[in-house]
Amino acid sequence: MAAYAQSGVVMALLIGIGLLFIGRTKSRQPRSLNSRLARWTGYALIVMTIFLIVVGILQYLAERSHSYGH
C-alpha cells in the first residue's frame, strides 16, 4: 500500500510542475520561443502523467482479473 502512496505523491508532483510551467508562461506578455517551449513542456508533463495513471489502473485491474482463472 505504501507503493501506491509514493506513486500518488510522484504523480501529484509531476502534475504540479506541469501546471507551474503553464502558469509561469501565462503571466508574461511577450510570446517568445522560451515561453512557448515551457508551456508545451507543462502540457507534455500533464499528458504523460495522465497516461501513467491510466496504465497503472489497467495494470492493477489486470492483476486482479488474472487470479480468477487460477
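Heavy atoms only: backbone and side chains are in, while hydrogens, waters and symmetry mates are out.
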Colleague: What about M11 and Y60, same hydrophobic cluster or not, with Ile/Leu/Val/Met/Phe/Trp/Tyr joined at side-chain heavy-atom distances under 4.5 Å?
Modeller: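 Yes: a chain of side-chain contacts under 4.5 Å links M11 to Y60.
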Colleague: Report yes or no: do L52 and V55 belong to one cluster of Ile/Leu/Val/Met/Phe/Trp/Tyr joined by side chain heavy-atom distances under 4.5 Å?
Modeller: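 Not linked; separate clusters.
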Colleague: Indicate the atoms forming the closest heavy-atom contact of T49 with L45, along with that distance.
Modeller: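 Closest approach of T49 to L45: OG1-O, 2.7 Å.
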Colleague: If I take atom CG from residue L14 and atom CD1 from residue I50, how far apart are they, to the nearest 0.5 angstrom?
Modeller: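 Between L14 CG and I50 CD1, I get 11.5 Å after rounding to 0.5 Å.
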Colleague: Let me confirm one number: the CZ-CG distance from R24 to L19, rounded to the nearest 0.5 Å.
Modeller: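 The distance works out to 13.5 Å.
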Colleague: If you look at every heavy atom in T25 and I22, which pair is closest and at what distance?
Modeller: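 Looks like OG1-O, 2.8 Å.
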Colleague: Might you point out which heavy atoms bring I46 and I15 nearest each other, and give the distance in Å?
Modeller: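 That would be CG1-O, 4.3 Å.
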